Amino acid sequence: MSDAKTIESVMDERRRFPPSKEFSESAHIKSKETYEEMYRGSIRDPVAFWEKWAKEIDWYTPWTKTFDWDPKEVRIEWFRGGKLNASHNCLDRHARSWRKNKAALIWQGEPENDVRTFTYQQLLAEVCKFANVLKSKGVKKGDRVAIYLPMIPELPIAMLACARIGAIHSIVFGGFSSESLKDRIADSGCKILITADGSYRGGKLVALKANGDIALAKEHYVENVVVVKRTGIPVEMKEGRDTWWHDEMETASTVCEPEVMDAEDPLFILYTSGSTGKPKGVLHTTGGYMLYVLLTFKWIFDYRDEDTFWCTADIGWITGHSYIVYGPLAAGATTVMFEGIPTYPQVDRYWRIVEKFKVNIFYTAPTAIRALMREGEKWPGSRDLSSIRLLGSVGEAINPEAWMWYYNVIGGGKCPIVDTWWQTETGGILITPLPGATVLKPGCATVPFFGIDPGILREDATEADINEGGYLVIKKPWPGIMRTVYGQHERFKDIYWTRFPGVYLTGDGARRDEDGDIWIVGRVDDVIKVSGHRIGAAEVESALVSHKDVAEAAVVPMPHPIKGEAIFAFVTLKAGVPEREELKKELIQHVRQQVGPIAAPEMIQFANALPKTRSGKIMRRILRRIATGNVEELGDTTTLADPSVVDKLVSSRKELVK
Ligand code: WT7
């Protein structure tokens, strides 16, 4: 942490929502007692628990040791010696069963009439074809493949094709800039890029291929680029490097034997932001991850074979990896995938899709709920949402007001809401209600999943009391946890395992209430959650400082009614540069280009100087309060090198509001 920020907890929410008898009776986990008994068993003897449930996935060769770990070196191993293939588990085993003609993927494009449905055997055929394309380009087991695609079926097809041949996919969210794409391609040494000519975004077109070209103009190993034609916008195709997806697929065979992978062979890398410097390449492996996403998917979303499941996330984030693709397909589910945004062409888009496909389980983010709530009840009210039987929330804490709206207006007052807490690093959901067993409290993530042993610690590593905020940690590895930061194992150890040796530090603050339920309080590091997406303060700061007029910058969160948190930037200009409003716009534009639109500051305040300690460290605690407008409680400012700096910031913050 950059400075001691006390973990406060002020929520006092008394409403309770027990599961209905009807829901519980047909649920996978039917009662609090069943949950507790299974949970206690899973903590007492995790090896026996995971050994038993690992049979839910298909193994070519059984494992010899279920779990092994070295807390000092943080080497984590699940299912040693076990052999499997993720794409086989997601496709072949269902395509060989009665599910062969079941819809695996229902895709809704941004244009209303763009709908494509793939049965398990159709999806398998497409995946095999693209796996053969990758092979023909020289991609082999262990190679890294960069994927920079919109939310179109080619995205999961490319992912599963990588998994089939043992290549490691690294998906970069289509909203990231060419600069961010370049960094990620270079960091993991990708040898091929899969992209599209462009993507639809709320009726506008985004030039993905052009971004890709800029990214590839600099240093990298990329030898081939495969381009999906999605929008028809003109692109430059570089001779000898770039080919069209549809040309490649035309002649590719639909037969491709899956590569036999070790349980600990990498499945994918996904970059995420932290408190310092560049994003980290979070590495997930095959066996533990597949088992963890399958079981969490089945039990937390209480999935049944006849259900249609829709997670609205983008596959460019972990939520999409785990709960649009790997979890649902491993379970043989029907998963819906949507290319567009909730507010285009109208603010009822989500509800239209629910009605159209009779969605039974709907999983979205609080920021979307708040945005749609603001538009009023008439939009969901004019659609038939009666197919929904379970709702889910993810990405940030859901405020009780949004929870109640989601519950009453979308769920008709009869559907449980699973408020699922997890992270890119955790692979799958860790803290969540089990919908047939848990009494819900608006805004509360409630209880740990099986095998998850959370702690809430004070600075001195002792356990916090009831309702006392502390650092949320997980005391032992579970199968879905990341194994390393790609190519930087020391960084993995430093970030997650050093603050409290031997336990996993989540970076979140939390408290436990009288019932033992866990409430997530928010990040305790310099990560800002903008619309549920993780933005590292340091990344935005370094983008700002890379502008020619900027001497120094400090970035903190500010509350935002829709986004949850937004970015507030304090900027010190170089000597002689005049402070003008135009320059603020230019700086915002600069960050958009450097990192991506999601990282754009909401507000910029020029500051002659920033509050620093005598040793030169920026006091973020003070800046956070100033950004919030909470200037009456700035706390102790006596340790500042120059306390008068604060007064100036406070008065110019007041100007900013006016
Ligand atoms: C951070 C992880 C997990 C997939 C999406 C985000 C916050 C996530 C919740 C929740 C309160 C939540 C945490 C966490 N977060 N879910 N249900 N309640 N906070 O993944 O980008 O890796 O972000 O999101 O702060 O650490 P991510």
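Every number for a ligand or one of its atoms is a count from 1 in the order of the listing. These numbers were taken from a predicted model, which means no experiment stands behind them.
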Practice task
Give the numbers and elements of all ligand 1 atoms closer than 4.0 Å to a heavy atom of T319.
Solution key: 4 (C), 5 (C)
Handout entry: Note, P442 side chain near M404 side chain (heavy atom, < 4.5 Å)
Key = yes
Handout entry: Validation row, ring centre Y289 to ring centre Y326 under 6.0 Å
Key = yes
Exercise for the section: Could you tell me which atoms of ligand 1, counted from 1 in the order shown, lie closer than 4.0 angstrom to a heavy atom of V394? Expected result: 3 (C), 4 (C), 5 (C)
Practice task
Decide whether an N or O pair under 3.5 Å exists between D508 and ligand 1.
Solution key: yes
Problem - Best match, H533, R523, R534: closest heavy atom to atom 26 (O) of ligand 1 - result: R523
Problem - For I318, atoms of ligand 1 separated by under 4.0 Å from a heavy atom - result: 4 (C)
Handout entry: Enumerated ligand 1 atoms positioned under 4.0 Å from heavy atoms of A397
Key = 11 (C), 18 (N), 19 (N)
Fill in the blank from the handout: For atom 2 (C) of ligand 1, the closest protein heavy atom turns out to be W422 O, 3.5 Å
Completion exercise
Here the atoms of ligand 1 under 4.0 Å from any heavy atom belonging to T420 are 9 (C), 10 (C), 16 (N), 17 (N)
Exercise for the section: Indicate yes or no: does an N/O atom of T424 lie under 3.5 Å from an N/O atom of ligand 1? Expected result: yes
Practice task
Just say parallel, tilted or perpendicular for the rings of F362 and Y350, cut-offs at 30° and 60°.
Solution key: perpendicular
Fill in the blank from the handout: Short version for K529: what comes under 4.0 Å of ligand 1, heavy atoms counted, is side chain
Practice task
Begin with the C-alpha distance, continue with both residues' side-chain angles, and end with the deciding distance and a verdict on salt bridge (charged side-chain N to carboxylate O under 4.0 Å, His left out) for E463 and K475.
Solution key: CA-CA 12 Å; E463 282 278 348; K475 294 180 187 162; 2.9 Å; yes
Exercise for the section: May I ask you to list the atoms of ligand 1 that are less than 4.0 angstrom from any heavy atom of E396? Expected result: 8 (C), 9 (C), 10 (C), 11 (C), 12 (C), 15 (N), 16 (N), 17 (N), 18 (N), 19 (N)
Practice task
Number the atoms of ligand 1 from 1 as they appear, then name those within less than 4.0 Å of a heavy atom of D419, with their elements.
Solution key: 10 (C), 17 (N), 18 (N)
Practice task
Answer with yes or no whether the side chains of R144 and Y486 bring together a donor and an acceptor at under 3.5 Å.
Solution key: yes
Practice task
Please state whether the rings of Y496 and F492 are parallel, tilted or perpendicular, taking 30° and 60° as the class boundaries.
Solution key: tilted
Handout entry: Heavy-atom pair of closest approach, residues F309 and C311
Key = CE2-CB, 3.7 Å
Problem - Closest to atom 8 (C) of ligand 1 (judged by heavy-atom distance), picking from G392, G395, S273 - result: G395
Problem - Interatomic spacing from CZ in R370 to CD in E401 - rounded to 0.5 Å - result: 10.0 Å
Practice task
Give a yes or no on whether the ring-centroid distance for W421 and F449 is below 6.0 angstrom.
Solution key: no
